[in-house]
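See structure below.
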Amino acid sequence: GEFGPSLHGFAASNLISGKLPNQPGVLAAYVRDAPAVLPGTTMPAMPISEGEARDVAAYLYTLEP
């Protein structure tokens, strides 16, 4: 992608989008429907299932610095 911050080292981040605690459930919800979790964010809602959102979150936690 050409938009958004680098996700390199995401696993070591304390916050999601600089505002939310970096916890698996919060991340999965944010990945699936960011505007519902953090109003005003520029990340759009994604048309994925809860299971797919958990898979994306699990992948993001593999991104070490």
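Residues take their numbers from the sequence shown, with the count starting at 1.
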Just how far is it from atom CG of Leu63 to atom OG of Ser6, taken to the nearest 0.5 Å? 8.5 Å
Interatomic distance, OH@Tyr59 vs CG@Leu7, rounded to 0.5 Å, equals 8.0 Å
Quick one: are Phe10 and Glu64 in side-chain contact, heavy atoms under 4.5 Å? no
Non-neighbouring partners of Glu50 that pass salt bridge (charged side-chain N to carboxylate O under 4.0 Å, His left out), sequence neighbours left out: Arg32
Closest approach of Ala57 to Pro24 (non-hydrogen atoms, all atoms of both residues): CB-O, 4.4 Å
Taking every non-hydrogen atom, the tightest pair across Ala45 and Pro35: N-CD, 3.7 Å
How close do Thr41 and Ser17 get, counting heavy atoms only, and between which atoms? OG1-OG, 4.4 Å
Enter the distance from Leu60:CG to Asp55:CG here, rounded to the nearest 0.5 Å. 11.0 Å
Leu20 versus Val37: any side-chain heavy-atom pair under 4.5 Å? yes
Enumerate the residue pairs fulfilling side chain to side chain donor-acceptor pair (under 3.5 Å) with a member in residues 19-29, sequence neighbours excluded, ordered by first and then second residue. Asn22-Tyr61
Reported CG-to-CG distance for the pair Asp33 and Leu38, which is rounded to 0.5 angstrom: 11.0 Å
